[in-house]
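Source: prediction; values computed, not measured. In listed order, ligands and their atoms are each counted from 1. Heavy atoms only: backbone and side chains are in, while hydrogens, waters and symmetry mates are out. Residue numbers count from 1 along this sequence.
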Amino acid sequence: MDEIKIALGKGRLEKFTLQALQEMGIEFPELKKGSRKLIFNDTEDKIRIVLVKASDVPTYVENGAADIGFVGKDTLLEQGADVFEVLDLGFGKCKFAVAGLPDQATKPNQKLTVATKYPKVAKNFYNNKGVSVETIYLNGSVELAPLIGLSDVIVDIVETGRTLKENGLVVLEDISEISARLIVNKASFKTKTERIHSFINQLDDLLKKHSIQN
Ligand SMILES: Nc1ncnc2c1ncn2[C@@H]1O[C@H](COP(=O)(O)OP(=O)(O)OP(=O)(O)O)[C@@H](O)[C@H]1O
Ligand SMILES: O=P(O)(O)OC[C@H]1O[C@H](OP(=O)(O)OP(=O)(O)O)[C@H](O)[C@@H]1O
């Protein structure tokens, strides 16, 4: 029997996801902190986990290289993957927001410039308000942009708000809430229906148990 392949982003969602899998009785004995290995089988050889860059999870799942993926809603919104989004996992909580200097002034007759790692999300947000903007793509340290005159504002993830605060920036507008999601490859859903349903149900039960406890 084929194993179920799960794509998991190395990084912020990794610990929560592995903890959830462990609570479901799925363990990866070879997966140790600091290891550079990228593929792991569970003790029963029924589940294989592949560790990928967080933003690549939808690509692995959409193309069927993984049956299931654990990924942030931010990544899904930006990339628009053709997959089934089956569960809100409730962890990895943060939000998309517009941020800038507290005295951010509007410039008449000039396009607002928005620095971001999420140009699609930023454009959609402003388009829906009927505002035309110019987005400037950055790979990180996005908060720098309005501080040194690269952009008027940023669209970025805010979790604790600490990065904004320590750089003298404030949230100007909230865009949307973010949390981790379980996604499934559309073909796998048909070919491995029983096992994937059972995985989703087990995980759903676990989430419900946790929400009762909290
Ligand atoms: N403070 C935060 N900053 C970024 N993402 C966060 C934060 N808190 C929770 N998340 C969630 O964690 C997910 C994974 O974030 P992580 O930083 O591991 O990957 P990434 O944003 O793709 O970064 P990198 O480009 O360094 O791999 C995000 O997609 C988001 O849903
Ligand atoms: O509200 P906070 O808790 O401060 O978290 C938000 C910060 O975390 C993320 O950056 P990350 O650490 O991924 O670094 P980056 O600048 O390389 O994107 C995000 O882009 C914000 O900068």
Side-chain angles (χ1 to χ4, degrees), residues 6-21 31 33-38 40 49-62 65-66 68-81 83 85-102 104 113-125 135-148 150-184 203 207 210 214:
I6 300 179
L8 164 60
K10 291 182 282 179
R12 286 186 163 96
L13 301 182
E14 189 178 336
K15 200 174 110 201
F16 291 114
T17 306
L18 292 172
Q19 200 176 314
L21 293 173
L31 206 169
K33 218 175 162 217
S35 157
R36 301 289 297 163
K37 207 167 136 65
L38 299 171
F40 299 91
I49 200 158
V50 293
L51 295 182
V52 306
K53 194 166 165 65
S55 50
D56 289 337
V57 169
T59 308
Y60 283 85
V61 176
E62 184 171 356
I68 287 175
F70 288 82
V71 64
K73 181 69 181 176
D74 50 315
T75 306
L76 293 174
L77 287 171
E78 184 61 24
Q79 298 187 10
V83 295
E85 183 184 320
V86 293
L87 276 184
D88 181 341
L89 300 165
F91 58 76
K93 281 191 179 171
C94 48
K95 66 179 178 184
F96 271 131
V98 179
L101 290 161
Q104 157 66 32
T113 53
V114 185
T116 185
K117 256 169 108 168
Y118 302 90
K120 184 172 160 195
V121 169
K123 280 208 185 88
N124 277 347
F125 175 68
T135 55
I136 300 169
Y137 180 78
L138 288 177
N139 281 302
S141 297
V142 178
E143 289 81 2
L144 262 180
L147 297 176
I148 59 162
L150 178 64
S151 71
D152 297 315
V153 295
I154 61 172
V155 162
D156 198 16
I157 285 177
V158 179
E159 187 192 0
T160 62
R162 189 173 156 211
T163 313
L164 291 181
K165 194 162 181 238
E166 292 195 9
N167 289 288
L169 300 175
V170 293
V171 170
L172 300 171
E173 284 175 277
D174 285 339
I175 299 181
S176 61
E177 300 296 323
I178 294 168
S179 55
R181 306 297 161 106
L182 189 76
I183 56 171
V184 179
L203 191 53
L207 297 174
H210 275 284
N214 290 334

Answer with side chain, backbone, both or neither: which part of Ile178 has a heavy atom less than 4.0 angstrom from an atom of ligand 1?
side chain

One residue to check: Thr163. Relative to ligand 2, which of side chain, backbone, both or neither has a non-hydrogen atom less than 4.0 Å away?
both

Select one of side chain, backbone, both or neither to describe which atoms of Glu14 lie under 4.0 Å from any atom of ligand 1, heavy atoms only.
neither

Which of these, Lys117, Glu78, Lys73, Arg12, has its nearest heavy atom closest to atom 23 (O) of ligand 1?
Lys117

Which residue supplies the protein heavy atom nearest to atom 6 (C) of ligand 2, what is that atom called, and how far is it?
Ile157 O, 3.4 Å

Would Lys53 count as a polar contact of ligand 1, with the cut-off being nitrogen or oxygen pairs under 3.5 Å?
yes

Proximity flag Gly9 to ligand 1, non-hydrogen atoms under 4.0 Å:
no

Is atom 14 (O) of ligand 2 less than 4.0 angstrom from at least one protein heavy atom?
no

Under a 4.0 angstrom heavy-atom cut-off, which atoms of ligand 1 come close to Gly11?
18 (O)

Compute the shortest N/O to N/O distance between Glu159 and ligand 1 and return yes if it is under 3.5 Å, no if not.
yes

The answer for which part of Val158 has a heavy atom under 4.0 Å from ligand 1 is neither

Does the residue Lys165 have a heavy-atom contact with ligand 2, meaning some pair of atoms that are separated by less than 4.0 Å?
no

Distance under 4.0 Å to a non-hydrogen atom of Gly72: what atoms of ligand 1 satisfy this?
31 (O)

Tell me the protein heavy atom at minimum distance from atom 9 (C) of ligand 2, and give that distance in Å.
Arg12 NH2, 4.1 Å

